[in-house]
Amino acid sequence: MADPKGFMTTPRQDWPRRPVEERVRDWDEVYVPGALLPIVSKQADRCMDCGIPFCHDACPLGNLIPEWNDLVSREDWRAASDRLHATNNFPEFTGRLCPAPCEAGCVLAINQPAVTIKNVEAAIADRAWSEGFAQPRPPDRLSGRTVAVIGSGPTGLAAAQQLTRAGHTVAVYEKDDRIGGLMRYGIPEFKMEKRHLERRIEQMLAEGTKFRTSTQVGRDVMADDLRSRYDAVVIATGATAWRELHVPGRELTGIHQAMEYLPLANRVREGDLEASPMSAAGRHVVIVGGGDTGADCLGTAVREGAASVTQLDIYAQPGVDRDEDADPWPTYPKIYRLSAAHEEARELETAPAADADARLFAASTLRFTGDESGHVRSLHLVEVDARRRPVQGTARTLPVDLVLLALGFSGPDREDGLVEQLGLTMEPRGTIARDADFATNVPGVFAAGDAARGQSLIVWAIAEGRAVAAAVDRRLTGSSRLPAPIGPYDRPMSV
């Protein structure tokens, strides 16, 4: 450790965000450009280089956090980049999008604010690009084996890059017109600018990975044809089957799934549309669902100029401190967190009736009612207890023109025919079944990421991609030197 007393003398300081009034007028990332590097070395000094670094176990990638913290504190950026990229293909993605379970597992977090691991990670990744450390790494020779990867989210991209670097010829099939999956059309620009995605795609192209966009396997290309053309197939389509809200009035117009709404806003940013046909401009918006996707909808609706935005969370408002009985260290605690979007909503007072920022906690939707034309105009809700039972006398009504359902995802979409064409065995919860080697019941076909694990975090998605790549490489060649950070049955630390 560079400074043995750093954790005692230096307080935690996060990457500062731009003023709310400024950032809601554009779609740039919310952080102050250039404000991270001046503080990050001292923040890395706070790392205690623990004898047992629990941050390793909290991170499914097994990131070598104390090592690159020490290197950053000494400003050895090249070495820090090497250590970071040794375990993570896309640290600029996780440094912006991951909720940082590593920080929850930081030993310092037992009685102090954790090390700003996520900020240090982003700083290393950005410095690697600016200094030219993130050069393409094409294989020295080709294996003669071919692999098709279906899906270009973080799992598919990580698997493809690892397999390409191992010498296999890899083609990534993506149903959308651009590569990136949810990172392209689900994540708003203010959380991660697409330039970070574009330069990784360019790196992968230079390494030899091939991309096939606007190609839906199961429709444009039959699954059996793909299987016959490649030595192995990796299914990394994600969990895109959204959960529904089965209440009276759901059939009214103006009620949409979050993943119908967010891609249109992202397409405006890509230049495909002048304005979103589902824009929240001038409308009263209610978001049903308290997770990250709901927060993405919130920040998007604010930037589109919504008249009001309210977010409903069925859970009670958590406290600001860890509940040591329910979520003991080093597990990831359920605490009150203020995302950039919630900070914006609180300061702009987008939802005067909300409990905190834009959120109504312990709120359950009862029904929707509409006008004569069949458009939604009201959302009827009730407060619920810890068992989600209605609390008598708490019913209320919110005016609404646009409802966005952000209730999560249950597994891969079955409409494309991929599952049926291959004859894949499915788990009861709707995900693809696989064995300890990530292999499905169909020879040569592997499944990874949310399609098999279920809805999870980006850091788990990348870990799945790296692990399935090692499994495929081993199946094709008899052995593998690729790292496998997790197994298919591993789960986050819990009580």
Side-chain angles (χ1 to χ4, degrees), residues 61-64 67-68 71 76-94 124-125 127-174 179-180 196-213 226-227 229-236 437-439 444-446 448-449 461-486:
L61 284 167
N63 280 333
L64 307 171
E67 293 186 33
W68 40 257
L71 292 165
D76 188 346
W77 294 98
R78 180 181 287 278
S81 173
D82 289 343
R83 300 312 289 149
L84 178 56
H85 282 93
T87 58
N88 189 348
N89 296 71
F90 314 120
E92 65 271 38
F93 300 171
T94 50
I124 298 171
R127 191 65 176 260
W129 284 106
S130 65
E131 297 290 336
F133 303 151
Q135 293 297 315
R137 291 167 46 197
D140 293 330
R141 61 175 180 229
L142 295 178
S143 68
R145 301 300 185 95
T146 59
V147 182
V149 176
I150 307 173
S152 68
T155 297
L157 292 180
Q161 185 166 63
Q162 292 293 94
L163 288 165
T164 296
R165 289 175 173 178
H168 306 302
T169 300
V170 181
V172 178
Y173 287 80
E174 170 55 51
I179 294 296
H196 302 294
L197 178 59
E198 293 293 352
R199 62 190 179 189
R200 280 297 177 187
I201 295 170
E202 292 172 3
Q203 180 194 52
M204 293 179 67
L205 284 168
E207 291 172 346
T209 301
K210 305 177 189 304
F211 294 106
R212 307 281 187 263
T213 56
L226 198 71
R227 184 182 166 215
R229 288 162 48 192
Y230 292 88
D231 296 310
V233 175
V234 176
I235 301 173
D437 293 320
F438 294 86
V445 178
F446 298 77
I462 296 173
E464 285 257 340
R466 290 171 67 86
V468 76
V472 172
D473 186 40
R474 187 165 53 249
R475 184 70 62 88
L476 294 178
T477 65
S479 64
S480 180
R481 299 178 65 183
L482 294 177
I486 60 171

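The first residue of the sequence shown is numbered 1, and numbering continues consecutively from there.
Across every non-hydrogen atom of Ala469 and Leu163, the tightest pair is O-CD2, 3.4 Å. Across all their heavy atoms, Gly208 and Thr164 have their closest contact at C-CG2, 4.1 Å. Among all heavy-atom pairs drawn from Ala232 and Phe446, the shortest one is CB-CE1, 4.3 Å. Across Ala128 and Ser81, no two heavy atoms sit closer than the pair CB-OG, 3.4 Å. Pairing each heavy atom of Pro91 with each of Ala125, the nearest pair is CG-CB, 3.8 Å. Across all their heavy atoms, Ala158 and Gly465 have their closest contact at CB-CA, 4.1 Å.
With sequence neighbours excluded, no residue satisfies salt bridge (Lys or Arg N to Asp or Glu O under 4.0 Å) with Arg137. Remark: Thr94 pairs with Asn88, Glu121 by the side-chain hydrogen bond (donor to acceptor under 3.5 Å, both in side chains) rule, at least two apart or across chains. Residues forming a side-chain hydrogen bond (donor to acceptor under 3.5 Å, both in side chains) with Gln162 (at least two apart in sequence, or on another chain): Asn89. Partners of Asp231 under the side chain to side chain contact (heavy atoms under 4.5 Å, CB included) rule, at least two apart in sequence or in another chain, are Arg145, Thr146, Leu476. Every salt bridge (Lys or Arg N to Asp or Glu O under 4.0 Å) that Glu131 has, sequence neighbours left out, goes to Arg127. By the side chain to side chain contact (heavy atoms under 4.5 Å, CB included) test, Ala86 pairs with Arg83, sequence neighbours left out. Taking Glu174 as the reference, Ser152, Asp176, Ile179 meet the side chain to side chain contact (heavy atoms under 4.5 Å, CB included) condition, with sequence neighbours excluded. For Glu198, the side-chain hydrogen bond (donor to acceptor under 3.5 Å, both in side chains) partners are Arg184, not counting sequence neighbours. Looking at residues two or more places apart in sequence or on another chain, you find no side-chain hydrogen bond (donor to acceptor under 3.5 Å, both in side chains) involving Thr169. Among residues two or more places apart in sequence or in another chain, the side chain to side chain contact (heavy atoms under 4.5 Å, CB included) test is passed with Ala461 by Pro154, Thr155.
Inter-residue side-chain proximity for Leu482 and Arg466 is flagged as unmet; no heavy-atom pair is nearer than 4.5 Å. Counting only heavy atoms from C-beta outward, the side chains of Met204 and Phe211 approach each other to under 4.5 Å. Taking 4.5 Å as the limit, every side-chain heavy atom of Trp68 sits out of range of all side-chain heavy atoms of His85. For the pair Trp129/His196, no side-chain contact is recorded, criterion being any heavy-atom separation below 4.5 Å from C-beta on.
With rounding to the nearest 0.5 Å, the separation of CG in Asp82 from CG in Leu71 is 9.0 Å. Remark: Tyr173 OH to Lys210 NZ distance equals 10.5 Å, nearest 0.5 Å. Rounded to the nearest 0.5 Å, atoms CH2 (Trp77) and CG (Leu84) are 10.5 Å apart. Annotation: the span from Leu197 atom CG to Glu92 atom CD amounts to 9.0 Å, rounded to 0.5 Å. Note that the CG atom of Leu157 and the CD1 atom of Ile201 stand 6.5 Å from one another [nearest 0.5 Å].
Every pair passing salt bridge (charged side-chain N to carboxylate O under 4.0 Å, His left out) that includes a residue from residues 469-483 is listed here, sequence neighbours excluded: Asp437-Arg474. Listed by first and then second residue, the salt bridge (charged side-chain N to carboxylate O under 4.0 Å, His left out) pairs involving residues 149-170 are Arg165-Glu207 (not counting sequence neighbours).
Not one N or O on the side chain of Arg78 forms a donor-acceptor pair closer than 3.5 Å with the backbone of Phe133.
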